[in-house]
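Whatever order the structure lists them in is the order used to number ligands and atoms, beginning at 1.
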Amino acid sequence: MQEAGPGPGAAAGMSGGSGPHPRRVLVTGGSGLVGRALQQLVSEGKELPGEKWIFLSSADADLTNVAETRAVFKRCQPTHVIHLAAKVGGLFHNMAHNLDFWRQNMQINDNVLQTAHEHGVAKVVSCLSTCIFPDKTTYPIDETMIHNGPPHSSNFGYSYAKRMIDVQNRGYHEQYGRMFTAVIPTNVFGTHDNFNIELGHVLPGLIHKAYLAQKNNTPLVVWGSGKPRRQFIYSLDLARLIIWVLREYQEIEPIILSVGEEEEVSIKEAAESIVSAMGFKGEVIFDTSKSDGQFKKTASNSKLRKYLPNFQFTPFSQAIKETCEWFVANYHAARK
Ligand code: NAP
Ligand code: GDP
């Protein structure tokens, strides 16, 4: 369990919530890609005075287990929760394990939300994803369209489980007046991602493959046609926005956290960005025997822009460069 706050005197605020830490922010999934970006911002001093942040990993509690979930809430006494913990994976991991993604995420989400309710937590911000939207839809997708039709078949387990968070949030609000809300990020990437080639998402997978191709003097193999399109958000930008949602956003309805539609890139363009950042000089080939998955899930960030018209996203090429440099420098310790 990682804690961050203004020093040892902070412990006086641990139990009552009225001491020097009236706000105790518990981050589930605090050891993952998004959780580590939040940790970085908090350690750089982005927390407000009077906030104490606690970052959980699965070693602190298996959140599929209700007793362990209750025990960790009892220990931490959160007033606010950022709920990131989830079974997460790229297209190919989802395709092979839809049932596991459904069951584990349903268990984690029900345990976390119900335990937060039992503890009278003032606000919960959970994490959905743009891949949960209907596959057959008009574009751009917006926040009103989550339940309008079946998600893409490749990750139906993960998608339906995530959609249920929105259903539960509305239920806790209607029945108990709770402020449980959710954010909907597009594809996230950054340092501390899961760079496992079989299990992870496209960017960490391609960064790892480019690293090995460079080392072994072999081609870089991009799976699928390279034609599908994605909006990518850098984990540090997402973390900044999640902190804003925690502090300022007052709606139960979720909010899409995304770069603009014009920033959407093809998988081929994303691969080219990685090739350039890694200085890879070899051949790039496309293995079209592998699935393309959902062609696109172009999301509108109009709602976000109404709230934060001036928010600056890190340019994609800069964020890719920082992520590649981190991976190379941390190759032995990185999750892979
Ligand atoms: P990640 O890097 O895979 O991290 C997952 C986190 O959840 C880890 O801290 C992990 O703990 C924890 N966790 C998993 N199973 C758990 C369990 N049974 N009990 C307790 N903790 C458990 O995921 P991420 O990419 O940061 O994703 C964070 C959130 O963003 C998720 O809700 C995800 O659905 C959402 N999201 C991600 C993306 C994306 O592209 N990555 C896109 C949209 C939305 P350990 O480290 O101990 O395993
Ligand atoms: P998605 O956005 O939920 O579909 O998940 P991913 O992040 O796994 O992206 C999948 C897209 O990237 C598909 O079009 C894949 O064909 C393509 N892709 C290309 N190379 C890779 C790779 O090495 N790993 C993964 N996961 N996807 C890849």
Check the pair Phe156, Trp102 against ring pair (Phe, Tyr, Trp, His ring centres under 6.0 Å), reporting the backbone distance first and the verdict last.
CA-CA 8 Å; Phe156 69 88; Trp102 158 260; 8.8 Å; no

Counting only heavy atoms not in Asn216, do more than 12 sit closer than 6.0 Å to its CG atom?
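Atom CG in Asn216 is crowded, with more than 12 foreign heavy atoms closer than 6.0 Å.
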
In terms of side-chain geometry, is the basic nitrogen of Glu253 or Arg170 positioned less than 4.0 Å from the acidic oxygen of its partner?
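A salt bridge is absent here (no side-chain N lies under 4.0 Å from a carboxylate O).
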
Do the side chains of Arg23 and Glu51 get close enough for a salt bridge, i.e. N-O under 4.0 angstrom?
yes

On the ring face of [Y], is [X] found with NZ or CZ under 6.0 Å from the centre and within 45° of the axis?
X      : Y      : value
Lys336 : Tyr211 : no
Lys87  : Tyr158 : no
Arg230 : Phe232 : no
Lys123 : Phe180 : no
Lys209 : Trp223 : yes

To the nearest 0.5 Å, tell me how far [X] [atom1] sits from [Y] [atom2].
X      : Y      : atom1 : atom2 : answer
Leu38  : Arg240 : CG    : CZ    : 11.0 Å
Ile207 : Glu325 : CD1   : CD    : 11.0 Å
Asn301 : Phe311 : CG    : CZ    : 10.5 Å

Hits for salt bridge (charged side-chain N to carboxylate O under 4.0 Å, His left out) against Glu198, two or more places apart or cross-chain, chain-then-number order -> none

With a 4.0 Å heavy-atom cut-off (strictly under), which part of [X] contacts ligand 1: side chain, backbone, both or neither?
X      : value
Val34  : both
Gln104 : neither
Ala61  : backbone
Lys87  : neither

Does [X] reach ligand 1, in the sense of a heavy atom lying below 4.0 Å from it?
X      : result
Asn105 : no
Gly89  : no
Thr186 : yes
Asn194 : no

Results of side-chain hydrogen bond (donor to acceptor under 3.5 Å, both in side chains) for Gln168 - residues two or more places apart only
Asp110

Just which atoms of ligand 2 are under 4.0 Å from any heavy atom in [X]?
X      : result
Phe92  : 25 (C), 26 (N), 27 (N)
Gly90  : 8 (O)
Asn187 : 2 (O), 7 (O)
Pro228 : 14 (O)

Considering heavy atoms of the protein only, find what lies nearest to [atom] and give residue, atom and distance to 0.1 Å.
atom                    : value
atom 47 (O) of ligand 1 : Ser58 OG, 2.6 Å
atom 13 (C) of ligand 2 : Asp292 O, 3.2 Å
atom 6 (C) of ligand 1  : Gly29 CA, 3.6 Å
atom 17 (C) of ligand 2 : Trp223 O, 3.6 Å
atom 46 (O) of ligand 1 : Ser31 OG, 2.6 Å
atom 15 (C) of ligand 2 : Ser291 O, 3.7 Å
atom 35 (C) of ligand 1 : Cys127 SG, 3.7 Å
atom 28 (C) of ligand 1 : Leu84 O, 3.5 Å
atom 16 (C) of ligand 1 : Ile108 CD1, 3.9 Å
atom 10 (C) of ligand 2 : Leu91 CB, 3.8 Å
atom 5 (C) of ligand 1  : Ala86 O, 3.8 Å
atom 23 (O) of ligand 1 : Val88 CG2, 3.5 Å

Who's closest to [atom] heavy-atom-wise, of [options]?
atom                    : options                        : answer
atom 25 (O) of ligand 1 : Thr28, Leu33, Asp62            : Leu33
atom 9 (O) of ligand 2  : Ile132, Val202, Leu199         : Val202
atom 1 (P) of ligand 1  : Gln107, Arg335, Glu68, Arg36   : Arg335
atom 3 (O) of ligand 2  : Lys297, His93, His201, Gln294  : Lys297
atom 4 (O) of ligand 2  : Arg230, Lys296, Glu198, Arg229 : Arg230
atom 37 (C) of ligand 1 : Leu128, Ile233, Asn109, Val188 : Val188
atom 33 (C) of ligand 1 : Tyr158, Phe55, Phe101, Phe189  : Tyr158

So, the side chain of Gln39 versus the backbone of Gly30: is there a donor-acceptor pair under 3.5 Å, distance only?
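The answer is yes, because a donor-acceptor pair under 3.5 Å joins these two groups.
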
Could you check whether the rings of [X] and [Y] sit parallel, tilted or perpendicular, using 30° and 60° as the cut-offs?
X      : Y      : result
Phe316 : Phe189 : perpendicular
His192 : Trp326 : tilted
Tyr249 : Tyr307 : perpendicular

Mind checking whether Gly293 has an N or O less than 3.5 Å away from an N or O of ligand 2?
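No - when backbone and side-chain N and O of Gly293 are compared with those of ligand 2, no distance drops under 3.5 Å.
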
Contact check, Gly200 vs ligand 2, heavy-atom distance below 4.0 Å:
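Under 4.0 Å: yes for Gly200.
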
Report the part of Lys209 (side chain from C-beta onward, or backbone N, CA, C, O) that has a heavy atom under 4.0 Å from ligand 2; answer both or neither where that applies.
side chain

Could you please spell out the steps behind the ring pair (Phe, Tyr, Trp, His ring centres under 6.0 Å) verdict for His93 and Phe101?
CA-CA 9 Å; His93 191 28; Phe101 276 87; 5.1 Å; yes

Just which atoms of ligand 1 are under 4.0 Å from any heavy atom in [X]?
X      : value
Pro185 : 43 (C), 44 (C)
Ala85  : 7 (O), 21 (N), 22 (C)
Leu63  : 17 (C), 18 (N), 19 (N), 20 (C)

Tell me if the centroids of the rings in Phe313 and Tyr234 come within less than 6.0 Å of each other.
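Phe313 vs Tyr234: aromatic centres not under 6.0 Å.
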
